[in-house]
Every structure is written in C-alpha cells, then in structure tokens.
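In what follows, a structure is listed as structure tokens, so that the remarks can point back to it.
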Amino acid sequence: MPLDGIYLYKLKDELSCLKEAHIDKIYQPSKDELVFLLRSKEGAFRLLISAKQGAARIHLTSSKPENPSSPPMFCMLLRKHLSSAKLIDITQNGFERVITLVFSGKNEMGDTVLLNLVCEFIGSKPNVILLNQNGIITDALHRSDIETSSRLIQPGARYKDIEATDKLNILNVSLDTVLQKICSNNNFPLWKAVLNAIEGFSPLTAREIAFYCCNDIEKRPEELTQTQRAELKIALNNIIKDITERTNPVIIGDTSPKDFSFTNIKQYEPEYTSKTFNSFSEALDTFYSSREHTLRIKQNAHDLYKHLTLLISRTKRKTELRKEELKKCSDREKFRIYGELIKANLYRIKSGLSYFEAENYYDENCALITIPLDPSISPVANADKYFKEYKKSYTAEKMLTSLIEKDRLDLEYFESVLDSITRADSIAELNEIRQELADTGIIYINRNVKKAKPDNTFREYTSKNGMKILVGKNNRQNDLLTLSVASKQDIWFHTKNIPGSHTVLITNGQPIDEETLIFTASIAAFHSKATLSSSVPVDYTMIKFVKKPSGAKPGMVIYTNEKTLFVTPPKNLNSSLT
C-alpha cells in the first residue's frame, strides 16, 4: 500500500502542470498534512502533501479539509518563506521515494532566492523539509532526535540525502543485467528477489511480476524453468512500457479499496476487481479519501461496538446460567410425589425418622420409594416442605422460561444492531443507530445533545426487469420500510435466523419471475451478517403477512406464509439512495 517510487515518478510527470504556478495559500489541516493552493494561467490547484505514516503521499486533491482555528508553527514558517513563491521545478532522483519542489521566492531583503521543499515518503519516517538556497534546513514537519539520529533533521543542519541502495534502475540498465541480479537472490522467494533487485518497486508490483511468470510468488529464482524465465523478462518489459508510456493507475478492492498501483494487477482476481483512473492524483485522492472515511466510521463506531459486544456476552452468560437453573426445575414433580406419599402414610411415620419407604402409587408397578425426611420436624411439616419446594420450582420454571425468551429476543436485537453498525457507511447512519439505542434505554445520551435527524434514504437497487428493490440501513429504517413505505402486495425478504436488513421488492401489482426473486434474495443476503457466506437461506413473503408484535424492539417482526431461497451474496453491489 505505501506509495512506491515508480508511482511517484509517474505522479511527478503529471504534476508538471503546476510549474510556473504561484502559491496563494498554505494550510496545515493536521499535524502530518499540508495543503497548498496554487494558481496559474490554467486555474487553481489544491496540492496535498501527507507525511502520515502508512499514508505518505503527494497529489492534487478535490477535497477541502477542515483547518484548525490557529495554524501550527510549521505552517506559519512555510507561509513566511513560500507565500507568493513560484513553483519552477519538480525533481526526483531516479525512482527514490523523494520528491523535491523547487520554488523561486523573495527573501526579507527582496532578493530572489531558490527554496527546496523536500518531500520524503519513506515508509517508516515520512517527512517534509524546507531548505534554503544553500541546502541548510530551515525547519521540518518532523524533527529528528539530536542525540540518537544518524541523519540529523534540525533547523540549521545541512540536509543529507537519504542513503542510496544498490538496487537497479530498470530504465538505465539492460534487462539481462536485471534478470541476472534477480536470479542471484536464491535465498529469497521470487517476489522478494525482484523487490531487492529493482529500485522503485513496491511488494505489490514485485508479487504481480512473480504471479505473471509462474503463478507462484513463493517459488525461488533457481526453480524457474526456461519458459518461466522468458515470462519474467516479458513481465519486466511490460513494466518498462508502463513506466515510459502513458498508462492509467488502478485501485484494487471489493466493497472498499485495498491497494493501488501504476500498472494493472491480476493476482487477486476474481476476489478483487480493478478500477482504472485517468489521473494518478485522482486515484490516490479516491483511495485515501475512502480509506480515511472508513477509518473515521470505525473510530466513531468503536464505543457502540464495544458496548454491544459486552451486552451480547453478558446476555449469553445469563442465558446459560438460567438454562442450568431450569434443568434443576425439571425434577420438581418428585417433590409433589414425596409430599403426597407422606400425607398418605402419616399413620405409619413416626417423628424423628430420617427417611421412610412407601409404595409409590404414581408408578404403574407401585415400586418402593425411599423418601428423605428431616428428623427435626414433624411428618406433616416434612410434607409441607416438599409441597413448598414443588411450588417454588414451578414458579421458578415459569419465570426462567420467560427470562430465557426475553434474553433470546434481546440477543437477537443486539446482534441486529451490531450488524447494522458493521455495515454503516456514514457518520449520520451511526448517529441514527446511537439515537435508536438511546430511545430503547440501552445507552445514555446527554439531553443537551441535539437528536440525530432521521434519515429516510433507503438503499435502492433495480432488477433486470426494472423493478425497484429497497433495503433498510438500520432497525428504524427497517420498521419504516416494512410497516409504512411498502404496500401489502410487495414482497419482503430477510435472511433466515441471521441478522440482516429488511429488503422489499416493490411489485406495483406485477407478476414476479424467479430470476427477480433470486436477485432480491441475494441482495438481502449481501446486507446481512452472512454477506461473506455461500448458500445463505433467505425467507420471503408478502408484506401483508409481516406483523410487528406489540412492544417489540425496533426492526423486530414476525411473519408467516414464507418460502425460503438459498442464495450466494454477490461480491459487491452498486446502489443508489432514494
């Protein structure tokens, strides 16, 4: 996933449109990010530079990040030295993951000076460093430790280039030389040998080359056949073409982006698909915007997820304890028999006995039964004691059965909410789930906090024959869709005994073919806890057979006259909101 040297090389060429542009404004929305607003004859451009570990990059962006009320010190320093400066060059040494932006500006005396903004995108230590015209560090986004750092990044120190590796630049040497270096790395798998030999490659690119030539990224170079060596040469030649000619970057993923590359990636098909972009900046902007959006949702949902997971664990534990107690109650009938037999044999039982034997006339064979007695109380009191024990067990069984059923419904509800949280794709959806939990008394929300505005936009899909399919995004929407929006003739779908969204096929009174039923069932399976499973059971019935019991929690319904389809959820779905 880190930005590799070749992608950066392609990106540098794309950013050449910024040459001769002047800096209009400089922002620092977070401690690791900078945004430059540049203007030229072609218009305004927003350039983002990130030194965030795991997300270091440079690209044009369409987003407008929120800025702090007071700019950080490094931002103020950049404004002082670079305001109104003109970008005159963008340089890169080979395929090193270092880009230098060269600016022409004015110093305090009004003289023209050249200033370099060095952007280092090294995996573990990304940084942005401002140098004066003599190569002295003015300041950096991340300063190094004076005592322990082998490469000093401090104001006043002379900037030292990152130590070069012995990797080969694939554009500057022959393919035979590259192949010779790869094949000399027999201590490593092929993909690692490629990575160690060629400058600017990411692990993703190295694995793709190994996959292309032998479908086995773990095979060692010495194990390659002549045919596979020829395929390796073809793969490397294709990479050279991708570097030297105009290509389109790709993002690889399923429902969310997983990685990006300057070249097409085939190794993950068909699990992941590739999406092609016209711009390297657009690809990076899309990839990281989506990833950071997903991260924000996860962070926002963390407390809800943790709370519900704890509730589910507690409820399961309570249920198990109550079932154990219920087992004990199943033996209650013997207490009644003991009491009845004692009463029937009072004339034979003397006080002070610890037990007595009697014929059990409740048994078809009238077998003898031994009844324990408390010698400290009378026979009548012993009988009363057993009757009380019987009544106590009867009451306990009734209560435990009711509590176990309540636990089952609570567990079903908690798991449905947890499923909604895992599939939420916006902060607004999470806020609505949070409000639902507050309304049901499961969590507390400060009364002074404004209530989340209800979201009535369902997920919408269209079948091949043009029929509309609506899916609820949470339990409140499930109720709204099933009980208010859908008509009695529409068809309701839900995964059988699996948490998921209510899904409704809007029929408008038209007949339904089997293909549409299967497609709608697969959508219901996709929007459920079983989204990654196969052969998922999905119940369907007409809306008129779906009812909500009085007092039931949000999203909880009962239904009859159902049929069941077994479907496999699709890998991904494109939906619109309505």
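Atom set for the values below is all heavy atoms of this structure, side chains included, hydrogens, waters and symmetry mates excluded.
Within the 4.5 Å cutoff, the side chain of Ile26 has heavy atoms near those of the Leu82 side chain. The closest side-chain heavy-atom distance from Lys10 to Asp242 is not below 4.5 Å. Inter-residue side-chain proximity for Pro257 and Thr286 is flagged as unmet; no heavy-atom pair is nearer than 4.5 Å. Contact annotation: the side chain of Gln92 approaches that of Tyr9 to within less than 4.5 Å [non-hydrogen atoms, C-beta and beyond].
Salt-bridge formation is not detected for the pair Asp4/Arg97: no Lys NZ or Arg NE/NH1/NH2 atom is positioned less than 4.0 Å from an Asp or Glu carboxylate oxygen. Lys125 has no carboxylate O lying under 4.0 Å from a charged side-chain N of Glu120, or vice versa, which leaves the two without a salt bridge. Taking the charged nitrogens against the carboxylate oxygens, Lys529 and Asp419 have no contact shorter than 4.0 Å, which rules out a salt bridge. Ion pairing between a basic and an acidic side chain is recognised when a charged N comes within 4.0 Å of a carboxylate O; Glu405 and Arg408 show such pairing. Ion pairing of Arg57 with Glu292 is present here, as a side-chain N (NZ or NE/NH1/NH2) and a carboxylate O approach within less than 4.0 Å.
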Review item, side-chain donor-acceptor pairs of residues 41-54, under 3.5 Å, at least two apart:
{"from": "Glu42", "atom 1": "OE1", "to": "Ser40", "atom 2": "OG", "distance (Å)": "3.2"}
{"from": "Ser50", "atom 1": "OG", "to": "Lys52", "atom 2": "N", "distance (Å)": "3.2"}
{"from": "Ser50", "atom 1": "OG", "to": "Ala55", "atom 2": "O", "distance (Å)": "3.2"}

- Could you go through the salt bridge (charged side-chain N to carboxylate O under 4.0 Å, His left out) check for Arg476 and Asp439 one step at a time? CA-CA 11 Å; Arg476 189 200 65 82; Asp439 292 342; over 6 Å; no

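Defined by atom type and a distance below 3.5 Å, a donor-acceptor pair is missing between the side-chain atoms of Ser420 and Asn475.
Side-chain rings of Phe280 and Tyr7 approach one another, their centers coming within less than 6.0 Å. Taking the six-membered ring for Trp and the full ring otherwise, Tyr559 and Phe545 have centroids separated by 6.0 Å or more.
Between Trp492 and the choices Thr503, Thr520, Asp539, Thr482, the side chain to side chain donor-acceptor pair (under 3.5 Å) rule is met once, by Thr482. Only one option out of Leu481, Leu470, Ile506 pairs with Asp490 in a side-chain contact (heavy atoms from CB on, under 4.5 Å); it is Ile506.
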